[in-house]
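Remarks on the structure that follows.
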Amino acid sequence: MNFESLPRSFFEQPTLEVAENLLGKLLVFNEFQGYITETEAYIGVDDPACHAARGKTPRTEIMFGKAGHAYVYMIYGMYHCLNFVTEAVDFPAAVLIRSLQLIKPEPHLLDGPGKLCRHLGMNKNHNGLDIIGSDKFFVADVGKKLSVFTTPRIGIKQGLDKPWRFVAQV
DNA sequence: ACCCCGATCGTA
DNA sequence: ACGATCGGGGTT
């Protein structure tokens, strides 16, 4: 089955819209295919939980770039987290992919950003990859509709007042 | 050069 | 509830 990559304009929208609209989309990465079921938005230098809140650094540089690229970073010395850059150039924002309902090659729930990257073999080698127009790493709309609820983001100590985590109802 | 801490996870 | 584990960013 062939799927068509979302256009870059999908990721150039406001990050909260992108985070919500990514739920139910199909993530394709090499031999893996899975529905995105949980996301979080990290939005700009004024969001204290966003890595870019402390300005542009070698790590966060990708967040300041063009939408539709992967931002993959190491966390806690042992895990990686996958994000997609959103919004305009020089507006640093991204959506964290927190869970994936894998359907290929084996059905499997990847609930947690670290577990997700570990299972997919995703690491810093994938940081900065363009996910628009690739046939190995992209996101596709397959017409799946899911109802969504929001909560504060997980694992942060600042910005807990913002309900910027988006979860698909099972 | 050094120190602190983190967008996590598995075990208890 | 807590320890593992280490890169990055801020500070000296």
Side-chain angles (χ1 to χ4, degrees), chain A residues 10-25 27 29 32 34-102 106-131 137 139 146 148-170:
Chain A
F10 177 91
F11 294 95
E12 290 169 335
Q13 303 307 309
T15 305
L16 294 176
E17 288 182 24
V18 178
E20 176 163 6
N21 292 334
L22 275 174
L23 296 179
K25 296 293 186 291
L27 173 63
F29 179 67
F32 298 102
Y35 295 109
I36 296 170
T37 52
E38 183 183 342
T39 60
E40 283 177 0
Y42 290 87
I43 312 178
V45 295
D46 294 326
D47 173 6
C50 181
H51 289 164
R54 284 164 293 284
K56 189 189 282 191
T57 68
R59 180 176 63 154
T60 62
E61 190 173 14
I62 187 67
M63 292 183 84
F64 288 79
K66 193 174 264 192
H69 290 252
Y71 170 43
V72 183
Y73 65 91
M74 173 168 271
I75 187 67
Y76 296 112
M78 321 190 225
Y79 302 102
H80 290 86
C81 289
L82 168 65
N83 303 250
F84 297 132
V85 175
T86 59
E87 310 218 23
V89 170
D90 287 333
F91 187 100
V95 174
L96 171 67
I97 308 302
R98 290 192 57 87
S99 105
L100 206 59
Q101 182 64 61
L102 206 63
E106 302 286 340
H108 191 59
L109 179 62
L110 300 174
D111 55 341
K115 286 195 272 183
L116 190 158
C117 284
R118 189 180 57 192
H119 194 273
L120 299 187
M122 183 116 21
N123 55 54
K124 290 184 71 175
N125 294 331
H126 305 100
N127 187 42
L129 290 182
D130 191 351
I131 64 157
F137 187 15
V139 180
L146 298 168
V148 176
F149 66 93
T150 65
T151 79
R153 293 166 291 179
I154 302 295
I156 58 172
K157 291 179 174 161
Q158 298 178 55
L160 287 167
D161 54 318
K162 307 290 198 302
W164 288 356
R165 174 176 176 240
F166 296 83
V167 186
Q169 294 272 23
V170 283

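Residue numbers start from 1 in every chain, and the chains themselves are labelled A, B, ... in the order their sequence lines are given, proteins ahead of strands. For the numbers below, each heavy atom of this structure counts, side chains included, while hydrogens, waters and symmetry mates do not.
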Taking every non-hydrogen atom, the tightest pair across A:Pro152 and A:Leu160: CB-O, 3.6 Å
A:Leu116 CG to B:dG10 P, straight-line distance once rounded to whole Å: 12 Å
Touch class at under 4.0 angstrom, heavy-atom based, for A:Leu96 against every strand present: base
A:Thr39 (side chain) donor-acceptor with A:Ala19 (main chain) under 3.5 angstrom: yes
Integer-rounded Å distance: B:dA7 C1' and A:Trp164 CH2: 13 Å
Short side-chain to backbone donor-acceptor contact, A:Thr15 and A:Val95, under 3.5 Å: no
Watson-Crick or G-U stems of DNA chain C, 3 or more pairs, under 3.5 Å, by first number: B:1-6 with C:6-11, B:8-11 with C:1-4
Sugar-phosphate, base or nothing in reach of A:Lys124, heavy atoms under 4.0 Å: sugar-phosphate
Rounded distance in Å between the C1' positions of B:dC5 and C:dC2: 16 Å
Among B:dG10, B:dG6, B:dA7, the one nearest A:Arg118 by side-chain distance: B:dG10
Residues which pass salt bridge (charged side-chain N to carboxylate O under 4.0 Å, His left out) with A:Arg153, listed by chain and number, not counting sequence neighbours: A:Asp47
Backbone N/O of A:Ile154 and side chain of A:Glu40: donor-acceptor pair under 3.5 Å: yes
Distance-minimising heavy-atom pair for A:Leu23 and A:Leu146: C-CD1, 4.3 Å
Parallel, tilted or perpendicular: rings of A:Phe137 and A:Phe84 (30°, 60°): tilted
Heavy-atom closest pair, residues A:Glu87 and A:Ile43: OE2-CG2, 4.2 Å
Nucleotide B:dA7, atom C1' - distance to CZ of A:Arg165 in whole Å: 12 Å
CD/A:Glu106: more than 12 non-hydrogen atoms of other groups inside 6.0 Å: no
Crowding at CG, A:Asp161 (>12 non-hydrogen neighbours, <6.0 Å): yes
A:His119 (side chain) donor-acceptor with A:Leu116 (main chain) under 3.5 angstrom: no
Heavy-atom pair of closest approach, residues A:Gly159 and A:Pro48: N-CG, 3.9 Å
Rounded interatomic separation in angstrom, taking CD1 from A:Ile154 and P from B:dG6: 16 Å
For atom CD1 of A:Ile43 and atom P of B:dA7, their distance in whole Å: 16 Å
Rounded distance in Å - CG (A:Leu110) to P (B:dC9): 10 Å
For chain A, the stretch of DNA chain C it reaches, first to last nucleotide, under 4.0 Å of its heavy atoms: C:dA4 to C:dG10
Interface polar pairs with nucleotides 3-5 of chain B, N/O, under 3.5 angstrom:
none

Interatomic distance where CZ belongs to A:Arg153 and C1' belongs to B:dG6 [whole Å]: 14 Å
Pairs involving residues 56-75 of chain A, ordered by first then second residue, that meet salt bridge (charged side-chain N to carboxylate O under 4.0 Å, His left out) (sequence neighbours left out): none
Interface residues of residues 77-92 of chain A with DNA chain B (non-hydrogen, below 4.0 angstrom): A:Gly77, A:Tyr79, A:Asn83
Any donor-acceptor N/O pair, A:Thr60 side chain to A:Met63 backbone, under 3.5 Å: no
